[in-house]
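All of these numbers come straight from a predicted model, not from anything done at the bench.
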Amino acid sequence: MLLSDFCQHLLRSPQLSDKLLFPEILEDDGVPGTYDFELPQREEAWGFSRHADKPVKLGFGEPEQAAALLLTLANHELLAIELMALALLRFPQAPRMFRRSLLLTLREEQEHCRLYLQRIDELGGAPQGAPLSRFFWDALRSCPSPRAFAAGMGLTLEQANLDFSLGLARQARAAGDLESATLLDRVRQDEIRHVRLGLAWLKRELPPGADLLAEHAVLLSPPLSLARARGDQDFDLEGRRLAGLDENYITGLRLAGGSRGRTPEVFYFNPQAELELAGAAPVSGPAADLRADLAPLLAAVAHREDILLVPRLPSLNDRERLAAAGLEVPEFVEENALLGLVQRKLGRLRPWSFSPLAEAKLASLRPAQNPRLHSPLWRDEWSPLFSKLRPENLDLVPLAEIPGLADEAALRRVIFRDDQLEGALADLRSTHQVERIVLKSPFGNAGAGQIRLDPGPLRPADAGWIRRVLKEQGGLVLEPWLPRLADFSAQFEAEPGRLRLIGLTRQLADLRGQYRGTLCGDLLRDLPDEAKRFLNPSGEALLPLAFKALATCLSASLDRVGFTGPLGVDAFLYRQADGALRLRILCEINPRLTMGRLAFEILGRRGGVFRIERLRDDAARQELLAAESRGELRCLRDPFSCRAFCPVVANYPDLGKSRSNTNGSF
């Protein structure tokens with residue numbers, strides 16, 4: 001029988017029995033066959049269902065459940081048979097050994113299918129009308145080359161089956177179904193050989209030293225991804241090693257993000273949004289280094305099947321470190337490859353901060369996005385939320401009912417002309433009995449965009465800064481530089497009609513008030529007993545009470561402009577001139593993600609400190625690694641792959657080394 005006729009028959013005959021026959025003599029005629037099949041022909045009982053890709057809970061606890069599960073696996077084998085036949089028709093000029101390996105694999109898939117059917121009969125038969133998926137067919141029917149087919153079938157679908165057969169065999173044994181477990185063990189052994197064949201054909205045209213995982217990824221087309229090459233629970237390390245996959249490839253695959261059917265959301269790190277709104281120049285220098293070094297940390301708020309745009313791809317070591325910290329490692333895509341996502345089906349677009357630049361940067365992805373999820377990444381009416389001048393009509397009256405809260409209006413002055421400066425300075429110094437006053441530009445973050453003034457004549461540099469900010473940003477905020485005991489930040493998620501509290505963190509800063517880290521867990525540790533009593537009067541915690549009341553005040557302003565998404569609010573505990581303690585609950589509003597939010601997602605309530613360490617030279621990098629080896633901290637990225645900043649987490653330190661005094665949140 002001619003090979004092309006055999007393959008045509010497998011695809012065109014609807015009878016299951018025909019699809020499981022293998023002729024004694026086959027002649028490879030090398031003639032292209034007709035392969036424009038929308039779907040392989042099947043009898044009604046084996047037809048495809050559009051509901052088949054929805055997850056169904058199956059197991060080995062009951063014979064009927066086990067039979068239904070094995071029917072799903074039998075369908076996978078049948079799809080593999082049909083796809084092998086299709087590949088033989090599509091690639092008649094492929095190397096003879098490649099076609100021979102496809103044919104031998106096809107024969108083994110027929111045997112697997114027969115064995116599954118036999119076991120299903122022994123279990124009493126599968127339920128009628130069980131949904132059967134066509135996913136494998138849709139994913140591979142249009143493969144452009146033999147190597148792409150080898151990557152998609154052998155190194156992706158069959159490699160994933162190593163995990164599924166291993167895990168299902170374990171479940172079957174646990175349920176006492178030794179016959180099904182033995183069958184799954186046999187399938188796994190054959191799949192090891194099939195993966196080895198896929199590997200051989202993938203490596204055939206690779207130069208020595210080439211990145212096998214990267215080549216594998218390049219040969220895949222949606223909906224396939226590297227994430228599809230592994231199971232969702234078990235990971236068969238031994239099977240992969242027996243198949244000849246090297247350790248770097250195996251580690252990279254284990255950590256590779258990507259969709260396994262969930263529509264991915266797209267995350268984008270633009271931490272200088274406020275400066276952008278102030279008309280600052282494009283990000284460069286240390287700011288660009290910071291963006292490149294911290295972008296992978298958005299993994300803390302992303303799902304493993306999401307996409308994270310980064311200036312440059314994190315190393316394998318970086319991904320291992322993120323995973324070791326308990327983060328789900330998403331699919332990383334370099335920003336210069338953004339247009340490659342246009343062919344994908346995408347979910348929400350989620351920048352670090354809404355901004356005009358984020359809207360422009362991600363606009364090219366709109367055609368790929370589900371239209372139901374289209375939402376603006378910038379509206380001009382959101383600008384007051386980002387400004388320290390504050391949105392109009394912000395009603396803070398309900399806060400006055402909470403004892404211990406500072407009078408927000410008394411703690412700030414806003415000027416719009418430089419001739420208003422002296423009067424505002426004198427007013428604040430007299431009211432709060434302080435000498436130093438901090439001046440904040442409307443748009444700035446992380447303690448940047450501000451200066452501190454002591455009594456006396458203005459320095460020329462300060463006067464020039466004031467004139468420039470008033471001209472370019474239209475105003476200045478003046479606040480007393482108060483003796484603080486601790487800085488706090490509340491992480492919210494703005495939803496229509498409410499502002500949901502996610503968690504509370506404590507901010508750490510340097511002596512200039514610039515952000516250096518976030519403490520999670522025990523927020524009151526190392527504070528004086530007086531402060532602890534103040535923040536927990538009668539056992540009722542003041543911080544969550546005050547922040548929840550503030551959320552009620554803010555939600556109306558957010559609803560008026562249609563703002564939804566992450567939002568952080570900074571607060572601080574300070575001592576008045578008369579010695580009394582007060583909590584300022586609304587130091588700043590940050591309508592975006594914050595480093596405090598990432599720290600909370602990384603450390604949760606188990607506690608610890610998130611810090612950003614400055615890397616001035618290789619000696620600083622070595623010092624970080626030495627501290628890590630001593631168990632003092634954990635680097636979330638490889639210090640030697642970072643340009644200038646390395647994020648770390650650590651146990652609670654001696655907080656006296658870092659002054660907790662910040663006038664801006666990252």
ask   = Is a donor on one side and an acceptor on the other found under 3.5 Å between the side chain of R230 and the backbone of L253?
value = yes
**Request:** Please determine, by modelled atom types, if S641 and D318 share a side-chain donor-acceptor pair under 3.5 angstrom.
**Result:** yes
Q. When you measure from the side chain of R196 to the backbone N and O of G244, does any donor-acceptor pair fall under 3.5 Å?
A. no
inquiry  = Around atom CD of Q343, are there more than 12 heavy atoms from other residues, nucleotides or ligands closer than 6.0 Å?
reply    = no
**Message:** Strictly below 4.0 Å, N to O, side chains only: are R312 and E334 in salt-bridge contact?
**Reply:** no
Any donor-acceptor N/O pair, W378 side chain to A358 backbone, under 3.5 Å:
no
Can a side-chain donor-acceptor contact be found between Q272 and R291 if the only test is distance below 3.5 angstrom?
no
side-chain contact (heavy atoms from CB on, under 4.5 Å) between V649 and L603, worked out: CA-CA 8 Å; V649 291; L603 292 169; 4.1 Å; yes
(Q) For F235, does the six-membered ring have the charged nitrogen or CZ of R240 within the cation-pi criterion, i.e. under 6.0 angstrom from the centroid and within 45° of the normal? (A) yes
- Query: Are any side-chain N or O atoms of D163 and backbone N or O atoms of D232, one a donor and one an acceptor, separated by less than 3.5 Å?
  - Reply: no
Heavy-atom nearest pair, G568 first then Q491, reads CA-OE1, 4.2 Å
Sequence neighbours excluded, the answer for salt bridge (Lys or Arg N to Asp or Glu O under 4.0 Å) partners of E495 is R498, R500
| query | Between E320 and T251, do the side chains contain an N or O donor and an N or O acceptor separated by less than 3.5 Å? | reply | no
Is a donor from one side chain sitting under 3.5 angstrom from an acceptor on the other, for H216 and T156? yes
Checking F164, W137, F136 against H76 for ring-ring contact (aromatic ring centres under 6.0 Å, His included), the one that qualifies is F136
query: Can any side-chain N or O of Q369 pair as donor or acceptor with the backbone N or O of L346 at less than 3.5 Å?
result: no
Margin query: For a quick check under 3.5 Å, do R107 and Q110 share a side-chain donor-acceptor pair by atom type?
Written below: no
Are the side chain of R90 and the backbone of C143 linked by a donor-acceptor contact shorter than 3.5 Å? yes
May I ask you to decide if A273's main-chain N or O and W352's side chain share a donor-acceptor pair within less than 3.5 Å? no
How about F149 and L102: do any of their side-chain heavy atoms sit closer than 4.5 Å? yes
- Test item: R637 side-chain N/O and D293 main-chain N/O as donor-acceptor pair under 3.5 Å: yes
Margin query: Quick test of your reading of the model: are E331 and R344 salt-bridged, counting only N-O distances below 4.0 Å?
Written below: yes
Worksheet item: Is it true that a side-chain atom of E305 and a backbone atom of R262 form a donor plus acceptor pair closer than 3.5 Å?
Response: yes
Using ring centroids (six-membered ring only for Trp), state whether F354 and F563 fall under 6.0 Å. yes
Those residues at least two apart in sequence (or on a different chain) that pass side-chain contact (heavy atoms from CB on, under 4.5 Å) with L71 are W46, I120, A126, A130, L132
Report yes if some heavy atom in the side chain of M97 is under 4.5 Å from a heavy atom in the side chain of W201; otherwise report no. yes
